[in-house]
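The next block holds one structure in the form of structure tokens; read it before the comments.
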Protein chains: 4
Amino acid sequence: MQAGNSTGKQRAGGRAKSFTETGRRAQIVAAAIDVIAEVGYQRASFMKIAQRAGLSSTGMISYHFDGRDDLMREVVAEAMRVADVYMRPRIEAHERYAARLRASIEGNLDLLAEYPNHLAALAEVLGNLRGGDPGMVAFTQGMEAILAFQVEQLRKGQQAGEFCDFDPWVMMRAIRAAIDDVVRRARDEPDVDVRAAGRELADLFDRATSATSTTSR
Amino acid sequence: MQAGNSTGKQRAGGRAKSFTETGRRAQIVAAAIDVIAEVGYQRASFMKIAQRAGLSSTGMISYHFDGRDDLMREVVAEAMRVADVYMRPRIEAHERYAARLRASIEGNLDLLAEYPNHLAALAEVLGNLRGGDPGMVAFTQGMEAILAFQVEQLRKGQQAGEFCDFDPWVMMRAIRAAIDDVVRRARDEPDVDVRAAGRELADLFDRATSATSTTSR
Amino acid sequence: MQAGNSTGKQRAGGRAKSFTETGRRAQIVAAAIDVIAEVGYQRASFMKIAQRAGLSSTGMISYHFDGRDDLMREVVAEAMRVADVYMRPRIEAHERYAARLRASIEGNLDLLAEYPNHLAALAEVLGNLRGGDPGMVAFTQGMEAILAFQVEQLRKGQQAGEFCDFDPWVMMRAIRAAIDDVVRRARDEPDVDVRAAGRELADLFDRATSATSTTSR
Amino acid sequence: MQAGNSTGKQRAGGRAKSFTETGRRAQIVAAAIDVIAEVGYQRASFMKIAQRAGLSSTGMISYHFDGRDDLMREVVAEAMRVADVYMRPRIEAHERYAARLRASIEGNLDLLAEYPNHLAALAEVLGNLRGGDPGMVAFTQGMEAILAFQVEQLRKGQQAGEFCDFDPWVMMRAIRAAIDDVVRRARDEPDVDVRAAGRELADLFDRATSATSTTSR
DNA sequence: GATGAATGAGTGTTCATTCAT
DNA sequence: GATGAATGAACACTCATTCAT
């Protein structure tokens, strides 16, 4: 999952939470991220998550979260928060859109090297969402908004003459899919050099978006 | 899932099957493909598949298949068979590697337009395999072999001077990931013009692989 | 199961059977004996028996037998028939009751050495009968009759002064239980010398029944 | 099943258990003992056990026990514990091996009179173990160890001149088989006087093992 | 007679969730 | 707040039996 440029998160339920409840929730979310990264979205049962979190029963999770979907929403929110903190400064350090795109791609895979479980969990949860899932609809829309922002960046790059002519939605999804694929590969083969893969992908999409190759003909 | 160049498959058990049993198996596999495409690999229970196939009980599926893994193997084999029949002549109609790559990408998405459930089920099953799954190991290896063949094609294209310098494994996985992403998108948003997306992706990876930009420098 | 001195068998159902049907039945019974000896009474499913018999479906068994109990009755009857043919002349070759008892014990274990599956299946089926099983009640009573005959032999030996004073029912059941135990042991450890065990058991029960030890004091 | 001289047991899983969980486990084990004694090992389904224990679903049993084997292990452990408590002082009250053997036989059947289901369940579970059952292997070995101890007692009795010459393994298995047979008979015919049977069996094996017959010659 | 596909009840097990304590 | 026992539905799978052909 390509991360960065998040629009920020907010809890689904609006009621105020005490400090310890917030702490418990964070603890459970952290355990969920590890478990999801390890065994996948579907096999990440409450029991496994509770064990990883050092809890003695799954009831604790149901107590703190309004169902499995709520927990998963928090997992995604936490992963996105981490990604946002990591990515935003690296992207905004650049002016030109092409440089920002490269920073985005390489940054995602540097992030993967540092937080492999976060990105793996993120990809797992989002990859297992269905369009029809009620309760996750608003969620999916939030994801679309983030993607739309990134697409808009591509479009601006085109208008600025940095990028050639292409469908920015198709390009953006291809970039995200390629990054997610490395995330999945890193999960199964921990020895993969994800930073090197990041540079390769950045080169790849640089060529794919660059205006120079067309103008030079 | 990018398909094509399948190595073919046959049932593990050697016992001869009657025509009607073969028919029932095919019917169940077809139902499984539809259900998997609709609700995903994990949620595709025998009960849903049996209902879709017009069977009164899940026992019938266990009667015809040697467990869930066996059914899933047949699902993949069937999807690969369809893909192979569709893709192979389209790819082999071209001489040059660049043209073959374009044919492969566009062909996959034309195939998606005609058999959306087949490709969706294929991606679902393969995407949910874990390294540790015993009984599916040989299966994963078979997929790797196909991917390796496609990587080899890219490498030959580089040697022939048609492609620029890039890591063929990274490129191949990026291509496959981009195609699979369209498959997933088409599943959730049936109105997507997948053939147009195919042309866009073909253009994208044509630029990303083309040797022209280097010669013009 | 101690065998011998059978009162003979008769089919439960009274209708006449054709020659081929009788052949099929015998074939199935033979397969059932092997399967039961190998995997036990409860795990001996129609499917395993059909496979062993070279039949392509379990329906064949249900066609020829009026349910599982009917098949099991035939299994016992066949095993008892074999045992009776083998045991009767060996026992009747002796005049004295003590010699007949020894012939009975050693004969049973010689029989075990020659037909291990028959005796194992016999013990399995009889050992898994419950008192309450309807449809098997008449059957159990038949077994009791055989045992009663053997008890009567012991009693006659006592009256003849060959045996000391003991409860013949308890003695008979102990003998049978000891023999059955060797049958079970031979099933799990095929290297056991069952004939040697037979001689040991014959000695054991010779001492336990002998009138000499008491008179000699 | 002849019991006594148990080596003791404790749960495989090391997790500490609350009092109520321990209570529930004991309740389920007690229900399992009753059901197994009534319908046998194989027919003792979780559903029947749950109903007997007053539970609404079989899931509760899976919650408290790590599978069917785990429950069966506890059943045997409980039966052996009861047997050990009952038998040990009765056996150790005697010095001589012959007296100990008599105490062992009569004690087992007195125990049967008091805990008929415990011994019936014990015999059922152990009698249905196959050599190939993984997870129960260590279990079978434990039973062999107990039997070996009892065999050793017989051997010592022979060396002490109390017993005549016989194969102690064959003798021990015959004794155990005779006791188990009474257990089974008591299960099907509750009116049997098991204590009387115990005295008869003790007399029987006293004669079978006694050294007096040899000295008088 | 013989076949084998179909049936439906039953198996142990996992799961997210609930609720009395 | 926190616990963990209890719940009931769902899961894949096996089984003996039935029945149209």
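Every heavy atom of this structure was used, including side-chain atoms; hydrogens, water molecules and symmetry mates were not.
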(request) Using whole Å, report how far CD1 of B:Ile28 lies from P of E:dA5. (result) 11 Å

(request) With side-chain contact (heavy atoms from CB on, under 4.5 Å) as the test, would you mind laying out the steps for B:Ile36 and B:Met72 before giving the verdict? (result) CA-CA 10 Å; B:Ile36 293 167; B:Met72 292 306 170; 3.6 Å; yes

(message) On DNA chain E, compare the nucleotides closest to D:Phe46 and C:Leu55; which residue's is nearer the 5' end?
(response) C:Leu55

Distances under 3.5 Å only, N/O to N/O: pair up the protein atoms with those of nucleotides 8-10 of chain E.
residue: E:dG8; atom: N7; partner: B:Ser57; partner atom: OG; Å: 3.3

(request) Starting from P on F:dT17, measure out to CG on C:Asp69 and report it in whole angstrom. (result) 8 Å

(request) Could you tell me the separation between the CZ atom of D:Arg25 and the P atom of F:dA6, rounded to a whole number of Å? (result) 13 Å

(message) I need the B:Ile28 CD1 to B:Met60 CE distance, nearest 0.5 Å.
(response) 6.5 Å

(request) Take the protein atom CD1 of A:Ile61 and the nucleotide atom P of F:dG1, then report the distance between them rounded to whole Å. (result) 17 Å

(request) Please state whether the phosphate of E:dA6, meaning OP1 or OP2, lies under 4.0 angstrom from any side-chain nitrogen or oxygen of B:His64. (result) yes

(request) Could you grab the distance from atom CG of D:Asp69 to atom CD of D:Glu74, nearest 0.5 Å is fine? (result) 12.0 Å

(request) Take atom CG of B:Leu71 and atom P of F:dC11, then tell me their distance rounded to the nearest Å. (result) 14 Å

(message) With a 4.5 Å cut-off on side-chain heavy atoms, are B:Val39 and A:Arg130 touching?
(response) no

(request) Assess D:Arg68 against D:Phe46: is NZ or CZ under 6.0 Å from the centre of the six-membered ring, and within 45 degrees of the ring's axis? (result) no

(request) With C:Glu38 as reference, evaluate C:Arg52, C:Arg43, C:Lys48 under the side-chain hydrogen bond (donor to acceptor under 3.5 Å, both in side chains) test and give the passing residue. (result) C:Arg52

(request) Quick one: the dot-bracket string of DNA chain E, using Watson-Crick and G-U wobble pairs with both distances under 3.5 Å, [ ] for crossing pairs and | for bases paired to another strand. (result) .||||||||||||||||||||

(request) Measure the distance from CD on B:Gln51 to P on F:dA10 and round it to the nearest whole Å. (result) 11 Å

(request) Indicate whether OP1 or OP2 belonging to F:dA5 is found under 4.0 Å from a side-chain N or O atom of D:Arg24. (result) no

(request) Determine, for B:Glu124 against B:Arg187, whether the closest basic-nitrogen to carboxylate-oxygen distance falls under 4.0 angstrom. (result) yes

(request) Check D:Ala121 against D:Val75 and note the closest heavy-atom contact, atom names and distance. (result) CB-CG1, 4.2 Å

(request) Look at the side chain of D:Arg68 and decide which nucleotide, out of E:dG12, F:dA12, F:dT17, has an atom nearest to it. (result) E:dG12

(message) Counting only side-chain nitrogens and oxygens, does B:Tyr63 get under 4.0 Å of the OP1 or OP2 atom of E:dA5?
(response) yes

(message) Can you confirm whether D:Asp70 sits close enough to D:Arg73 that some side-chain heavy atom of one is under 4.5 Å from a side-chain heavy atom of the other?
(response) yes

(message) Quick check on DNA chain F: between C:Gly67 and B:Lys48, whose nearest nucleotide comes earlier from the 5' end?
(response) B:Lys48

(request) Kindly determine whether D:Asp188 and C:Leu129 satisfy side-chain contact (heavy atoms from CB on, under 4.5 Å), including the steps that lead there. (result) CA-CA 10 Å; D:Asp188 291 338; C:Leu129 285 183; over 6 Å; no

(request) Starting from the 5' end of DNA chain F, give me the residue, C:Ala44 or B:Ala44, whose nearest nucleotide shows up first. (result) B:Ala44

(message) Rounded to whole Å, please give me the gap between CG in B:Asp66 and C1' in F:dA12.
(response) 12 Å

(message) Output the rounded distance in Å from CD1 (D:Ile49) to C1' (E:dT13).
(response) 14 Å

